[in-house]
There are 2 protein chains.
Amino acid sequence: MLISTQKNHVERLCEIHHFNTIFSKELLPYVEIHTFQKKESLSQEGEPFPYLYYMVKGKAKVYMTHKNGQRTLVLFAEAPCFLGEMSLLEVEPFAKGVTAMEDITCLALPLATCKSLLLNDTIFLRNLSRILAEKARNRSETLAKSYAYPFENRFAAFILISASEGVYNEMHTEVAEFLNVSYRHLLFTLQDFVVKGVLEKEGRNYIVKNDAFLKQLRDEMID
Amino acid sequence: MLISTQKNHVERLCEIHHFNTIFSKELLPYVEIHTFQKKESLSQEGEPFPYLYYMVKGKAKVYMTHKNGQRTLVLFAEAPCFLGEMSLLEVEPFAKGVTAMEDITCLALPLATCKSLLLNDTIFLRNLSRILAEKARNRSETLAKSYAYPFENRFAAFILISASEGVYNEMHTEVAEFLNVSYRHLLFTLQDFVVKGVLEKEGRNYIVKNDAFLKQLRDEMID
DNA sequence: CATAAAGTATGCTATATCTCATATTCTAAC
DNA sequence: GTTAGAATATGAGATATAGCATACTTTATG
């Protein structure tokens, strides 16, 4: 993890990503730039999260751990998006675990100095509301729709989103839980992809050989 | 539909439902009380919706119509909740169709006079954000979890929420679509409930005979 | 290093759910 | 009122997915 507060750097990035349409100007002086490398952790689970992040580049996995100690993949966060809104709004006191899937760049606002500014910034709050409203709408709609299709389709979509540089190597147990399918059936479908030449197994990894095939399965669902 | 702007009435209701924790005081003078009877329409689909409603009592069904003219049940709205946030935030320009399932009472803020007050009211925006955040979180979580259970469970939950005074009489075609299950399978499960004596068919209606049974099926899912 | 726990892998059976076919009401439009 | 289009109803066969058993690997832990 790398923090930059260089005025130059900060201002350029804020410009590019239209900071002023998302936050009021008063917040600009507090912005830091946090960058993370692939596989790095953005937050430790269970600990309070002292920033509001606006992720402008990259992709991350968000995890949650249950009472029994089991860890579950909760969602994929893709730029541009917020991270840490939940604890800012005090919907969830503790952070979920977040891991970078690719190199990530965030505009970071330290809550220590910005919390009350944020909670009184109508530009920000309007944006947040709009984003959350869209999320709530999309999320359940897409999820519901996707369940009308066989697992093959959902899995194809998942492989596309989680593979990086043509290589899929998620843990089967975790994915099965995330996609609400039995481990057995996931393996079965995976095998089927291999037989069809869509994926190729190489040690622990699966190489995507027929991208188009997966995309077609995904797009069938989306409308 | 009945509109009241009697100061008495408005103030009493606002007091009871903690208006001041949800909106700033400046909005108080604009509040109207709108009441609807069971089966009445709160909004015509496709038309702009000129109010923000805060529903303090009752339950409603929200519908959407697709390009092809098919109408779909989208969600159940239960007090306390907002109606019309989407068009306020301009996420969706036109209203969905909303039908009262029971008698409904709403605090209504006319957008003509209140729109910009609302969009600059940090108390309101904070609340809206929090509610939407919780919705986004819950919705997908519950939905996902529920799909891990057989249809019987989801259906039981649906019957409980949609029945009024112990009578279930939704259209099977519509429900099948809403619950993402085939019409055939829905009928099959319904029949099964009848055979088990949980429901009793009476003309077009189904009388709930064994509430506890349905509740148990529902609660199995919820955790 | 040894052992336990977790992940991977595969086969078989059971079941939830879908698809299609077909008949019978109901409802709305002319 | 007649007729077309929905909605209801039921049956039989197909398939997607779950469940269980079992074996082998990898990873963590003492």
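Chain identifiers are assigned alphabetically (A, B, ...) following the order of the sequence lines, protein sequences preceding nucleic acid strands; residue numbering begins at 1 within each chain.
- In this structure, B/L186 places its CG atom 16 Å from P of C/dA16, rounding to the nearest Å.
- Here the nucleotide nearest the side chain of B/L187, chosen from D/dT10, D/dA18, C/dT17, is D/dT10.
- Atom CZ of B/R154 is separated from atom C1' of C/dA16 by 11 Å (rounded to the nearest Å).
- Nearest to the side-chain atoms of A/H172 among the listed nucleotides C/dT8, D/dT8, D/dT17 stands C/dT8.
- Using the six-membered ring where Trp is involved, B/Y51 and B/F49 have ring planes that are perpendicular, over 60° apart on the 30 and 60° scheme.
- A/S182 comes within 4.0 angstrom of a nucleotide base, judged by non-hydrogen atoms across all strands.
- Across all their heavy atoms, A/V10 and A/S4 have their closest contact at CG2-O, 4.1 Å.
- At a cut-off of 3.5 angstrom, the base of D/dG11 holds at least one donor-acceptor pair with the side chain of B/R184.
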Just distance, no hydrogens or angles: give the donor-acceptor pairs under 3.5 Å from side chains in residues 159-169 of chain B, sequence neighbours left out.
{"from": "B/S162", "atom 1": "OG", "to": "B/F158", "atom 2": "O", "distance (Å)": "2.8"}
{"from": "B/S164", "atom 1": "OG", "to": "B/K38", "atom 2": "NZ", "distance (Å)": "2.7"}

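- Under 4.0 Å is where a charged nitrogen must lie from a carboxylate oxygen, and between A/D219 and A/K215 no such pair does.
- Taking atom CG of B/L190 as the reference point, atom P of C/dA16 lies 17 Å away to the nearest angstrom.
- Comparing D/dT8, D/dT10, D/dA18 against the side chain of B/Y183 picks out D/dT8 as the nearest.
- Nucleotide C/dG7 holds its P atom 9 Å from the CD atom of A/E174, rounded to whole Å.
- Taking atom CD of residue A/E152 and atom P of nucleotide D/dA16, one finds them 8 Å apart after rounding to whole Å.
- Side-chain atoms of B/M171 lie closest to D/dA7 of the nucleotides D/dT17, C/dT17, D/dA7.
- Between A/D192 atom CG and D/dT15 atom P there is a gap of 14 Å when expressed in whole angstrom units.
- When distances are taken from the side chain of A/R204 to each of D/dT26, C/dC18, D/dT8, the shortest belongs to D/dT26.
- Minimum atom distance to the side chain of A/F151 is reached by D/dT17, of the listed C/dT10, D/dT17, D/dA18.
- Under a 4.0 Å N-O distance rule, the pair B/K115/B/E90 qualifies as a salt bridge.
- Contact annotation for B/F155: no contact, since no heavy-atom pair falls under 4.0 Å across all strands.
- Comparing C/dA16, C/dT10, D/dA16 by their closest approach to the side chain of A/Q191 singles out C/dT10.
- Going from atom CZ of B/F188 over to atom P of D/dG13 covers 15 Å, rounded to whole Å.
- Using a 4.0 Å heavy-atom distance criterion, B/H185 is classed as a base contact.
- In this structure, the CG atom of B/N205 is 15 Å from the C1' atom of C/dC26, given to the nearest Å.
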